[in-house]
Amino acid sequence: MSKVLFSAENLQLSFGQQCLFNDTGLAVHDGERIGLVGCNGSGKSTLLKIIAGLELPGDGKLVYRKNLRIAFLQQDFSLDESRTIYENVHDGIRFFTDLLEKYETLPHNSTEAEEIEQQINEHNAWNPVNKLKTVITRLNLPDPERDCASLSGGEKRRVALARAVVAEPDLLLLDEPTNHLDTETIIWIEDFLASYRGATIFITHDRYFLDRIVTRIVELSNGKLYSYKGSYADFMVEKAERENAEELHDLKRRRFLRSEIEWVRRSPKARVKRNMGRIRRYYEVESQSGPERINDIDLVIPPATRLGNKTVNIENATIKFADNVLFENFSFEFMPGCKIGIVGKNGTGKSSLLKLITGELIPNSGRVETAPTVEFNYIDQSRLKLDAEKTVADEIGEGSDFVQIGNDKITIWSYLKRFLFEDDRIKTQIKYLSGGEKARLIIAKILKKGGNFLILDEPTNDLDLSTLRLLEEALVDYKGCVLVVSHDRYFLNRICQQMIAFEGDGKIVCNLGDYDSYLEKYRIRQQLSQPVPVGKKATEQPKSVPLPKKVKLSYKEQREFDGMEERIMTAETEVEQLEAIFSAPDFFESHGDQSEKLHTELSKIKAELERLYARWEKLEGLAG
């Protein structure tokens with residue numbers, strides 16, 4: 001077993017009537033990657049603050065390994081905005097620069113010098129500035145000389161993340177590290193953490209991130225910490241088994257109480273001295289409480305109002321600011337009931353497209369036609385502002401005790417319970433809510449408006465996993481249009497039937513299918529567009545040229561291999577042509593009667609493309 005870096009025993013902490021930790025504990029071992037999960041407001045961020053030494057529990061014992069180094073990216077992080085990006089990130093390597101300075105002052109044969117040298121070698125930190133520059137580049141930070149005051153919220157978060165990870169501490173604490181980051185950056189963080197030497201504890205709603213990175217899931221539920229080895233998928237299975245065992249135990253407890261109370265009622269002798277032990281046992285069991293469960297109620301999205309045959313049609317739209325062209329001559333028709341995901345790096349034009357659709361932004365050229373039946377409901381990144389002094393009920397009610405859901409009225413109380421607010425939280429002032437609870441409240445307030453064309457810009461930020469699952473299920477069942485900008489790959493795969501991808505330099509790719517389908521095609525396109533030279537001569541042609549004499553292929557296989565790249569490119573072109581037909585604004589007018597035939601043809605060509613690609617890899621392996 002690896003060394004224990006930190007342990008907490010008998011943790012106790014309450015705020016008013018809310019109990020965050022109820023005689024619970026946790027041990028963290030060297031090299032572990034722990035995903036901390038639980039409902040918003042359950043105390044996850046507070047636990048990280050306690051571990052980092054920023055808060056104290058009401059009671060309990062905390063034990064740290066000697067000289068333990070901890071770095072913490074908080075959800076409400078702070079930067080010195082009067083300094084540059086470089087200067088803020090440089091704070092993260094101060095430990096290494098201090099070590100190097102001290103090393104230079106010591107005799108090289110001293111014991112202390114040997115210990116410092118070992119530390120520097122472990123982190124490969126003889127040139128810490130190089131580590132800093134690598135992290136700045138990989139996290140796609142702006143010009144390092146820019147002042148942090150000029151950065152957007154997402155850029156500031158990447159700077160704070162860079163400062164934390166470049167320190168390479170023994171224990172790295174990350175509170176929602178993937179929020180406001182694009183998919184490419186999230187993948188880099190996954191790779192970084194997967195090979196990280198130290199231990200990490202992180203809070204995240206990104207289920208792919210959890211599945212790929214964690215060695216253990218720790219759940220905080222009703223004041224108790226529960227540990228599960230393995231991935232997020234393993235956690236879901238084991239949690240269900242644990243809860244089932246708890247339910248069976250509680251069933252036996254209630255059966256025992258029923259039988260004992262009947263015995264007490266039937267038998268006057270029950271009160272004699274020799275039976276007092278049995279009675280004490282009854283009261284001991286009666287004092288035990290059954291398992292507490294978070295109410296799992298369906299989240300309500302008001303039913304979509306009627307849509308006609310047309311919704312929004314974009315024709316040859318161009319958006320540019322000065323010399324910066326975000327996209328040019330873009331055309332797309334949104335069909336009734338469509339569920340579409342928008343992906344791409346930050347700053348490529350995703351939010352501008354949303355504003356173009358809703359009419360907030362006028363195209364430099366081209367036009368946008370919106371049908372009169374369309375009613376937009378737009379949850380943007382800035383969200384709404386909440387009145388911190390109001391209670392949750394007052395903020396949603398806005399002077400009324402009811403919410404209109406389609407043709408029905410329900411009470412504010414019932415509506416908020418469907419967003420997982422319990423009675424005590426509904427009466428709580430907003431200033432006392434967690435960040436995730438505020439995010440849920442904002443979504444509840446906006447969705448209350450109804451509409452039939454939902455536009456969600458990063459809706460998963462700050463939401464816990466329970467709320468995410470409810471939101472996903474509600475959106476899957478929603479009959480109106482749904483347009484989602486998100487970097488949450490799991491969320492996109494659950495919701496979306498089509499993707500609009502901003503690939504940079506003004507290039508937009510429209511793809512039928514979910515995010516994984518788009519990503520697979522993107523990777524194939526990237527591989528086909530970057531041929532690898534054979535041998536040492538850069539002028540040689542890839543793959544299609546005759547191989548050296550050492551080839552192990554038969555004559556027939558050699559001929560097949562030589563022509564494989566051309567066949568793949570032909571199949572890829574056919575797929576793109578068919579997908580362009582499906583994406584055309586006039587598809588149903590021009591090809592509606594051929595829809596089924598075209599779908600079959602597209603499926604056959606995709607299957608053939610996959611077969612060709614697999615065959616190519618096999619022949620390449622034989623060629624050695």
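We use all heavy atoms of the structure for the numbers below, so side chains are in, but hydrogens, waters and symmetry mates are not.
Side chain of Thr358 to backbone of Lys355: a donor-acceptor contact under 3.5 angstrom is found. In this structure, Asn377 contributes its side chain and Leu454 its backbone to no donor-acceptor pair below 3.5 Å. Of the possible donor and acceptor atoms, none in the side chain of Arg216 sits under 3.5 Å from a partner among the backbone N and O of Ile34.
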* Evaluate the criterion side chain to side chain contact (heavy atoms under 4.5 Å, CB included) for residue pair Lys49 and Gln74; output intermediate values, then yes/no. => CA-CA 8 Å; Lys49 289 175 183 176; Gln74 297 189 62; 3.4 Å; yes
* Asked: Should Leu361 and Leu354 be marked as a side chain to side chain contact (heavy atoms under 4.5 Å, CB included) after you check the CA-CA gap, both sets of side-chain angles, and the distance that decides it?
  -> CA-CA 9 Å; Leu361 196 60; Leu354 300 187; over 6 Å; no
* To do: Carefully, step by step, assess Met499 and Val343 under the rule side chain to side chain contact (heavy atoms under 4.5 Å, CB included).
  => CA-CA 7 Å; Met499 304 300 301; Val343 296; 3.5 Å; yes
* To do: Please step through side chain to side chain contact (heavy atoms under 4.5 Å, CB included) for the pair Phe502 and Leu353, ending with a clear verdict.
  => CA-CA 10 Å; Phe502 287 72; Leu353 176 60; 3.8 Å; yes
* Output, in order, the C-alpha distance, side-chain angles, deciding distance and verdict of side-chain hydrogen bond (donor to acceptor under 3.5 Å, both in side chains) for Asp394 and Thr391. => CA-CA 5 Å; Asp394 290 340; Thr391 66; 3.2 Å; yes
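Here the side chains of Lys345 and Lys350 are not in contact, with every heavy-atom distance at 4.5 Å or above. At a threshold of 4.5 Å between non-hydrogen side-chain atoms, the residues Thr200 and Leu174 do not count as touching. A 4.5 Å side-chain heavy-atom check between His205 and Asp488 finds at least one atom pair inside the cut-off. In this structure, Thr411 and Asp401 have side chains that are not in contact, with every pair of non-hydrogen atoms separated by 4.5 Å or more. At least one side-chain heavy atom of Lys521 sits under 4.5 Å from a side-chain heavy atom of Asn511. For the pair Leu11 and Leu62, the minimum side-chain heavy-atom distance is below 4.5 Å. Put simply, the side chain of Tyr226 does not reach to within 4.5 Å of the side chain of Leu220, judged on heavy atoms. Between Arg207 and Phe491, some side-chain heavy-atom pair lies under the 4.5 Å cut-off.
The CG atom of Leu36 lies 8.5 Å from the CG atom of Asp175; values are rounded to the nearest 0.5 Å. Rounding to the nearest 0.5 Å places CD1 of Ile455 at 11.0 Å from OG of Ser351. For the atom pair CG (Leu456) and CD1 (Ile443), the distance works out to 7.5 Å, reported to the nearest 0.5 Å. Glu472 CD to Asp477 CG: the interatomic distance, rounded to the nearest 0.5 Å, is 12.0 Å. With values rounded to the nearest 0.5 angstrom, Thr215 atom OG1 is found 9.0 Å from Ile217 atom CD1. To the nearest 0.5 angstrom, Gln498 atom CD is 6.5 Å from Cys510 atom SG.
The environment of Asn309 atom CG is sparse: at most 12 non-hydrogen atoms of other residues, nucleotides or ligands sit within 6.0 angstrom. Environment of OH in Tyr432: sparse, with no more than 12 heavy atoms of neighbouring residues, nucleotides or ligands closer than 6.0 Å. At most 12 heavy atoms of other shown residues, nucleotides or ligands fall within 6.0 angstrom of atom NZ in Lys409. In this structure, Lys479 places its NZ atom where only 12 or fewer heavy-atom neighbours from other residues, nucleotides or ligands lie under 6.0 Å away.
Relative to the six-membered ring of Phe421, Arg440 meets both conditions, a distance below 6.0 Å and an angle of at most 45° to the axis.
In summary, the side chains of Tyr208 and Asn493 do present a donor paired with an acceptor at a separation below 3.5 Å, with no hydrogens or angles considered. Checking Trp413 against Asp423 by side-chain atom types alone, a donor-acceptor pair falls below 3.5 Å. In summary, the side chains of Asp211 and Ser231 do present a donor paired with an acceptor at a separation below 3.5 Å, with no hydrogens or angles considered. The closest side-chain donor-acceptor pair between Arg158 and Thr185, if any, does not fall under 3.5 angstrom. Side chains of Thr373 and Asn452: no donor on one and acceptor on the other come within 3.5 Å.
A salt bridge is absent between Glu473 and Arg418: the closest approach of a Lys/Arg side-chain nitrogen to an acidic carboxylate oxygen does not fall below 4.0 angstrom. Note on Glu395 versus Lys448: no salt bridge recorded, every NZ/NE/NH1/NH2 to OD/OE distance being 4.0 Å or above. Ion pairing of Asp206 with Arg489 is present here, as a side-chain N (NZ or NE/NH1/NH2) and a carboxylate O approach within less than 4.0 Å. Taking 4.0 Å as the cut-off between side-chain N and carboxylate O, Arg212 and Asp191 count as a salt-bridged pair.
Closest heavy-atom contact between Cys19 and Asn22: SG-CB, 3.6 Å. Of all heavy-atom pairs between Pro336 and Leu307, the closest is CA-CD1, 4.4 Å. Annotation for Ala164 and Ala71: closest pair O-CB, 3.9 Å, computed over non-hydrogen atoms. A pairwise comparison of heavy atoms in Ile340 and Cys496 identifies C-SG, 3.7 Å as the closest pair. Contact record, Gly38 with Lys44: O-NZ, 2.9 Å, taken as the closest heavy-atom pair. When all heavy atoms of Tyr478 and Ala304 are compared, the pair lying nearest together is OH-CB, 3.5 Å.
Using cut-offs of 30° and 60° on the angle between ring planes, the pair Phe330 and Phe332 is parallel.
Results of the ring-ring contact (aromatic ring centres under 6.0 Å, His included) test with Phe202 over Phe72, Phe209, Phe192, Tyr196 single out Phe209 as the only residue that passes. A side-chain contact (heavy atoms from CB on, under 4.5 Å) with Phe419 is found for one member of Leu471, Ile426, Val392, Leu447 and no other, namely Leu447.
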